[in-house]
There are 2 protein chains.
Amino acid sequence: MTYGDSMARPRTFDETAVLDAAAREFRVHGFAETSTEQLCEAAGVRRSSLYNTFASKDELFVRALEHYVATTGSAHEAVLTDEDLHGAARLQGLMDLILDEEREAAAHGHAAGCMVVSARMAPDLSAKNEKVKNLLDRALERQLSLIEQTIRLGQLDGSLKPGNAAPDTARTMVALISGLRVLAQAGSTHEELRRVVTLALDGLRA
Amino acid sequence: MTYGDSMARPRTFDETAVLDAAAREFRVHGFAETSTEQLCEAAGVRRSSLYNTFASKDELFVRALEHYVATTGSAHEAVLTDEDLHGAARLQGLMDLILDEEREAAAHGHAAGCMVVSARMAPDLSAKNEKVKNLLDRALERQLSLIEQTIRLGQLDGSLKPGNAAPDTARTMVALISGLRVLAQAGSTHEELRRVVTLALDGLRA
DNA sequence: CAAATTCTGTACTGCATAATCCAGAAAGAG
DNA sequence: CTCTTTCTGGATTATGCAGTACAGAATTTG
């Protein structure tokens with residue numbers, strides 16, 4: 001009942017590290033195909049410890065998703081608000097984040113995967129768990145809003161072709177990112193993905 | 001042991017209709033989240049009948065996937081080889097197929113889903129079943145090849161901007177289509193999806 | 001009618017796996 | 001040292017679901 005700093009044996013594992021490991025598993029294999037066994041092994045934690053910390057696989061998934069969208073969201077935000085770059089370069093930077101992630105994963109023999117895409121493609125998850133749906137919706141909203149602002153900036157600083165509606169362009173970028181995740185799972189090489197990005201961004205440049 | 005035309009009670013259900021119904025379930029819910037119960041109910045067929053006709057859920061999935069990629073592939077091919085249209089219009093026609101499908105599904109309160117995207121996002125399926133992987137790979141190859149030819153045509157007939165490499169452009173289109181599937185699952189409206197398509201295609205036109 | 005085959009409906013089996021429980025060792029706080 | 005809490009490791013329970021089995025009705029051919 002003594003929360004926070006206990007007066008007994010402390011946790012030997014980092015909760016955030018567990019969420020990281022869980023997210024890595026979930027994003028590659030999806031929710032249904034990831035067993036608690038895999039999660040324990042990936043996190044280097046025993047079952048009892050897992051269930052002491054998280055009530056259920058569902059809750060762990062929600063927490064991992066929360067952690068995943070928060071960290072990736074922040075990384076994306078950092079690039080998309082980099083004062084040293086013009087709009088087009090920020091977009092390029094965002095896509096480079098994705099490309100680098102996929103290259104890194106490919107070096108380990110698999111695609112990076114994406115918790116958001118696979119969760120979206122398994123709508124029963126969102127239907128069963130309201131928190132999942134809310135997290136996904138808010139993540140999408142945040143991403144759209146950030147990209148939208150970047151588009152507007154790029155059109156003002158002259159790096160992006162004017163005339164394209166910012167919301168539509170933002171949504172197109174999100175579609176492109178999701179599509180890249182799928183192509184990566186289909187085995188497309190880093191070079192192929194990079195050329196897709198180049199072609200798509202060139203269509204937006206001034 | 002008497003194959004083909006039996007001399008007894010014939011099937012009262014159409015095997016193709018079952019595959020259609022199964023594909024409809026699988027494409028929305030994915031493999032893991034679709035129970036054999038759902039499949040029976042959707043197809044209007046009893047369990048015994050299902051297992052008399054298909055050896056397992058795995059085989060039914062493979063058959064449904066086969067049927068799905070064959071029918072959608074043919075529909076796409078029909079548009080992409082329509083002699084009455086120039087290249088850009090054929091691409092537009094392809095995207096309209098997707099958009100119409102999503103609009104139709106949205107009218108029923110859900111996204112259309114996609115067996116290919118969700119199967120790709122669950123790579124364990126392909127890992128476990130070689131046939132799944134082969135079907136997905138051949139479907140992607142076919143789609144890329146068809147779109148690539150259409151791009152080349154469009155660049156020759158002047159409807160598409162020259163200079164873009166056809167393979168890259170084709171892969172970008174595939175990414176866009178996958179992205180549309182994801183956005184649709186995220187609840188994007190038909191109008192929003194349509195504007196995404198318009199923007200993306202406008203970037204390719206002459 | 002007889003034989004063959006599929007249908008319906010329900011009940012059952014088997015397995016994977018999510019989740020619980022427990023006994024003891026380990027490690028901090030007072 | 002004592003108390004508390006978390007660890008390890010394994011055993012156990014519970015559940016959902018894929019797949020099987022079966023009995024009887026239905027439907028076709030010969």
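Being a predicted model, the structure only gives us computed values, none of them experimental. Protein chains get the first letters and strands the later ones, always in sequence-line order, with residue 1 at the start of each.
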(request) Spell out yes or no: do the side chain of B/S35 and the base of D/dG16 have one donor N/O and one acceptor N/O closer than 3.5 Å? (result) no
(request) Rounded off to whole Å, could you give me the CG-to-P distance for the B/L39 and D/dG19 pair? (result) 11 Å
(message) Determine whether a donor-acceptor pair (one donor, one acceptor, N or O, separation below 3.5 Å) exists between the side chain of A/S48 and the base of D/dG9.
(response) yes
(request) Calculate the interatomic distance between B/R47 atom CZ and D/dA18 atom P; express it in whole Å. (result) 7 Å
(request) Mind checking B/T34 for me? I need base, sugar-phosphate or nothing, with any heavy atom below 4.0 Å counting as a touch. (result) sugar-phosphate
(request) Could you work out which one of C/dC21, D/dA18, C/dT10 sits closest to the side chain of B/K57? (result) D/dA18
(message) Is B/R46 close enough to C/dG9 that one of its side-chain N or O atoms is under 4.0 Å from OP1 or OP2 there?
(response) yes
(message) For a quick test of reading the model: is some side-chain N or O of B/T36 closer than 4.0 Å to OP1 or OP2 of D/dG19?
(response) no
(message) Counting only side-chain heavy atoms from C-beta out, which of D/dT8, D/dC7, C/dA18 sits nearest to A/F13?
(response) D/dC7
(request) Grab the CZ-P distance between A/F61 and C/dA18 for me, whole Å please. (result) 14 Å
(message) Can you identify which nucleotide, out of C/dC21, D/dC22, C/dT20, has its nearest atom closest to the A/Y51 side chain?
(response) C/dT20
(request) For the residue pair A/F31 and A/F61, categorise the inter-ring angle as parallel (less than 30°), tilted (30 to 60°) or perpendicular (more than 60°). (result) perpendicular
(request) To the nearest Å, give me how far apart CG (A/L60) and C1' (C/dA18) are. (result) 12 Å
